[in-house]
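Below is one structure, written out as structure tokens, with a few remarks after it.
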Number of protein chains: 2
Amino acid sequence: MIRLLADPLRARIVELLAGEALCTCHLVAETGAKQTNISNHLRQLRQAGLVTTEPCGRFTYYRLNPGALQAAADHLTALAERARSHSQSRRPC
Amino acid sequence: MIRLLADPLRARIVELLAGEALCTCHLVAETGAKQTNISNHLRQLRQAGLVTTEPCGRFTYYRLNPGALQAAADHLTALAERARSHSQSRRPC
DNA sequence: GAATCACATCAGCCTCAACTGATATCATTC
DNA sequence: GAATGATATCAGTTGAGGCTGATGTGATTC
């Protein structure tokens, strides 16, 4: 999940989709990447459940799944909280 | 930053450090990875400000920086929130 | 139904980053 | 100060994954 957000192009796609639903052609235009490349990344995001698709004629709209993103955010928040509460403990050697 | 958390071994290190401060030998023992490998990853985490070091004799303790982690979490939360508030908008083709 | 457009899939290339072995450094112990 | 133990650095190798070109599929238009 976080692995997916690590790639710069995928991160850009996610950022764009956070603002509005877009179809592949929009993403190609916005990022300047090849259609094949975008499509491959979208498949990964789709398979991970991070985006959903809405077929619309010959277009395919992609929409960001806020829940999946929030789950990742919550995991990091929990880790940070855990670190704060154990900020003094230290395992002896 | 999120790129750093994407690697499985680095993610494991961060998780371990969230519980308590550990020195390199602990991390080597816990993960089963080679010392060289752990040390390389720790350098990246250090350079990114995700962990801080506390030299203690010939040991080096590593401690997780909650602020850096929280910043990443907040970024994802903001994206999720943005997606939720634009859940109906859709750019026409 | 032929042509065209939006998009998906596949196979191959190629780069980058993770892993390793050898070695250096610094502190501790004898 | 010689030996040892903990850690850092460096150069080389290798494998996973991102990118591309070619091609397939399904919907739309004429």
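By convention in this document, chain letters (A, B, ...) are assigned in the order of the sequence lines, proteins followed by strands, and residues within each chain are numbered from 1. Atom set for the values below is all heavy atoms of this structure, side chains included, hydrogens, waters and symmetry mates excluded.
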Determine whether B:L50 and B:L69 make a side-chain contact, defined as any pair of heavy atoms from C-beta on separated by less than 4.5 Å. yes

Expressed as a whole number of angstroms, how long is the span from B:N40:CG to C:dA17:C1'? 11 Å

Reckon B:R10 has a side-chain N or O less than 4.0 Å from the OP1 or OP2 of C:dA18? yes

Value in whole Å for how far the P atom of D:dT9 lies from CZ of B:R46: 6 Å

Could A:R63 and A:E20 be called an ion pair, given the rule that one side-chain N must be under 4.0 Å from one carboxylate O? no

Closest-nucleotide mapping onto DNA chain D: is A:K34 or A:R3 further toward the 5' terminus? I mean the 5' end. A:R3

Using only modelled atom types and a 3.5 angstrom limit, is any donor from either the side chain of B:Q35 or the base of D:dA8 paired with an acceptor on the other? yes

How many Å lie between CG on B:L42 and C1' on D:dC10, as a whole number? 17 Å

Starting at OH of A:Y61 and ending at P of C:dA6, how long is that distance when rounded to a whole Å? 12 Å

Is a donor-acceptor contact shorter than 3.5 angstrom present between the side chain of B:T24 and the base of D:dA8? no

Which part of the nucleic acid, if any, lies within contact of B:C93, taking any heavy atom under 4.0 Å across all strands shown: a base, the sugar-phosphate backbone alone, or nothing? nothing

Quick check for you: among D:dT9, D:dT7, C:dC10, whose closest atom lies nearest to any side-chain atom of B:R43? D:dT9

With nearest nucleotide decided by heavy atoms, which residue, B:R58 or A:R58, maps closer to the 5′ end of DNA chain C? A:R58

Over-ring placement of A:R46 relative to A:Y62, 6.0 Å and 45° cut-offs: no

Take the protein atom CG of A:N37 and the nucleotide atom P of D:dT20, then report the distance between them rounded to whole Å. 6 Å

Distance check needed: D:dT7 P versus B:Q44 CD, whole Å only. 18 Å

Measure distances between side-chain N and O atoms of B:T60 and base N and O atoms of D:dA8, and say whether any donor-acceptor pair falls under 3.5 Å. no

Nearest-angstrom distance from the residue atom CG of A:L5 to C1' of D:dG17: 16 Å

For A:R82 and B:E15: C-alpha separation, side-chain torsions, deciding distance, then whether salt bridge (Lys or Arg N to Asp or Glu O under 4.0 Å) applies. CA-CA 9 Å; A:R82 184 142 164 269; B:E15 230 175 293; over 6 Å; no

To the side chain of B:S39, which of C:dG21, D:dT7, C:dA6 is closest? D:dT7

Measure CG/B:D7 against C1'/C:dC16 and give the value in whole Å, please. 13 Å

Which is true for B:L9 with a 4.0 Å heavy-atom rule: it touches a base, it touches only sugar-phosphate, or it touches nothing? sugar-phosphate

Of the options C:dA22, C:dT9, C:dC7, whose atoms approach the side-chain atoms of B:T36 most closely? C:dA22

Sidechain-backbone polar pair: B:H26 side chain, A:P92 backbone, donor-acceptor under 3.5 Å: yes

Counting just side-chain N and O atoms, does B:H41 come under 4.0 Å of either OP1 or OP2 of C:dC19? yes

